[in-house]
Amino acid sequence: MKYAIFGDIHANLEALTAVLSEAERLEVDKYICTGDIVGYNADPRECVKIIRDLQPEVIVRGNHDDYAGTDISLPGFNPQAANVVFWTRNQLSAEDRQWLRELPLNRTTGSSTTIVHATLDTPGRWGYVFDKFSATASFNYQFTPVCFFGHTHTPVVFDKFGSTKNGDFKEAIFEPGHKYMINAGSVGQPRDGDNRAAFVTYEPEKKKVSLHRVEYDIAIAQEKIRKSNLPERCAERLARGH
Ligand SMILES: [Fe+2]
């Protein structure tokens with residue numbers, strides 16, 4: 001069994017299609033999505049449709065799915081960020097927005113894998129797991145050997161009982177008795193200085209996770225952002241990968 005695990009797509013259609021065709025080339029059997037399908041970029045409707053049609057085994061709700069799927073006010077948002085949320089809400093059908101807001105915050109598949117967007121200790125508060133220290137609180141609520149998460153847009157493997165593998169890891173083999181939190185990186189807005197789309201494959205029988213980076217047409221994604229009058233910063237950062 002081979003899973004493709006990916007998230008933080010953020011309405012980047014070019015990155016999403018590049019990742020899915022690479023996953024197909026790698027002959028994955030199933031998909032898992034760690035959330036944040038929308039936000040920042042210009043194709044929320046198309047990305048929601050692709051993910052819904054793909055029918056991943058698990059999809060969890062990200063904070064941007066929450067902002068776009070609900071009518072919650074956005075305290076603490078700067079005006080530009082709030083405008084992206086309002087724009088995204090307007091692009092989506094009522095039915096897509098309902099689907100987004102009803103996604104679960106976390107899920108366990110079988111007995112070995114948990115999926116969450118942000119953290120397991122307080123998943124709806126959208127805290128960040130940036131380092132081993134901040135992973136500790138989440139580990140306390142992880143009852144499976146492996147957890148996949150998103151939100152930081154930075155690939156990493158935290159091992160509760162071992163060393164951390166940062167974003168340049170190619171693959172990690174799980175050791176018996178250890179506990180892992182793995183960030184698959186971001187499909188549509190990488191923030192680790194590498195502007196290629198990121199995702200991981202996971203082969204439970206081999207206890208192996210592999211990181212993949214995929215080039216995509218950044219210029220087209222940027223052009224769509226500019227044509228939609230979304231913030232220039234959203235376009236610029238795609239090229240920087242940060
Ligand atoms: Fe995100």
Side-chain angles (χ1 to χ4, degrees), residues 4-16 19 31-44 46-48 50-51 56 58-70 72 74 76-78 80-89 91-92 97 100-101 103-107 115-120 122-131 134-135 138 147-156 167 181-200 211 213-214 216 218 221 225 230-231 233-238 240-242:
I5 302 178
F6 63 97
D8 293 287
I9 299 151
H10 286 299
N12 187 333
L13 179 63
E14 286 66 38
L16 177 60
V19 160
Y31 297 89
I32 286 175
C33 177
T34 57
D36 268 5
I37 300 162
V38 300
Y40 296 122
N41 298 305
D43 283 311
E46 293 75 4
C47 290
V48 167
I50 287 172
I51 299 298
V58 177
I59 316 176
V60 292
R61 186 185 351 138
N63 50 319
H64 286 264
D65 305 324
D66 208 56
Y67 307 146
T70 62
I72 54 167
L74 304 166
F77 275 58
N78 72 46
Q80 275 201 336
N83 281 340
V84 179
V85 175
F86 298 141
W87 181 88
T88 301
R89 286 175 180 170
Q91 300 298 308
L92 297 169
R97 294 186 65 212
L100 284 170
R101 70 176 166 264
L103 291 171
L105 285 171
N106 54 295
R107 269 286 155 85
I115 320 294
V116 70
H117 183 66
T119 72
L120 284 173
T122 51
R125 293 175 85 174
W126 314 119
Y128 290 89
V129 176
F130 271 124
D131 51 27
S134 51
S138 203
C147 172
F148 291 95
F149 72 108
H151 202 35
T152 63
H153 298 207
T154 302
V156 67
M181 281 194 83
I182 298 123
N183 193 305
S186 169
V187 171
Q189 195 193 78
R191 293 180 191 162
D192 60 338
D194 183 337
N195 65 15
R196 296 173 298 170
F199 74 107
V200 299
L211 176 66
R213 301 303 294 241
V214 188
Y216 72 95
I218 292 174
I225 289 168
L230 292 166
R233 175 175 151 75
C234 291
E236 279 172 5
R237 67 188 308 175
L238 292 182
R240 286 201 308 271
H242 200 270

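Just follow the structure's listing: the first ligand is 1, and inside any ligand the first atom is 1.
Closest N/O/S atom of Asp8 to the Fe ion (ligand 1): OD1. Nearest to the Fe ion (ligand 1), among the N, O or S atoms that Asp36 has, is OD2. Within His153, the N, O or S atom at minimum distance from the Fe ion (ligand 1) carries the name NE2.
No donor-acceptor pair closer than 3.5 Å links the side chain of Arg196 to the backbone N or O of Val214.
A salt bridge between Asp192 and Arg213 is present, with a side-chain N of the basic residue lying under 4.0 Å from a carboxylate O of the acidic one.
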Would Phe199 and Ile5 count as a side-chain contact (heavy atoms from CB on, under 4.5 Å) here? Give the steps.
CA-CA 6 Å; Phe199 74 107; Ile5 302 178; over 6 Å; no
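At a threshold of 2.8 Å, the Fe ion (ligand 1) has no backbone or side-chain N, O or S atom of His117 nearer than that distance.
No hydrogens or angles considered: nothing links the side chains of His151 and Asp36 as a donor-acceptor pair under 3.5 Å.
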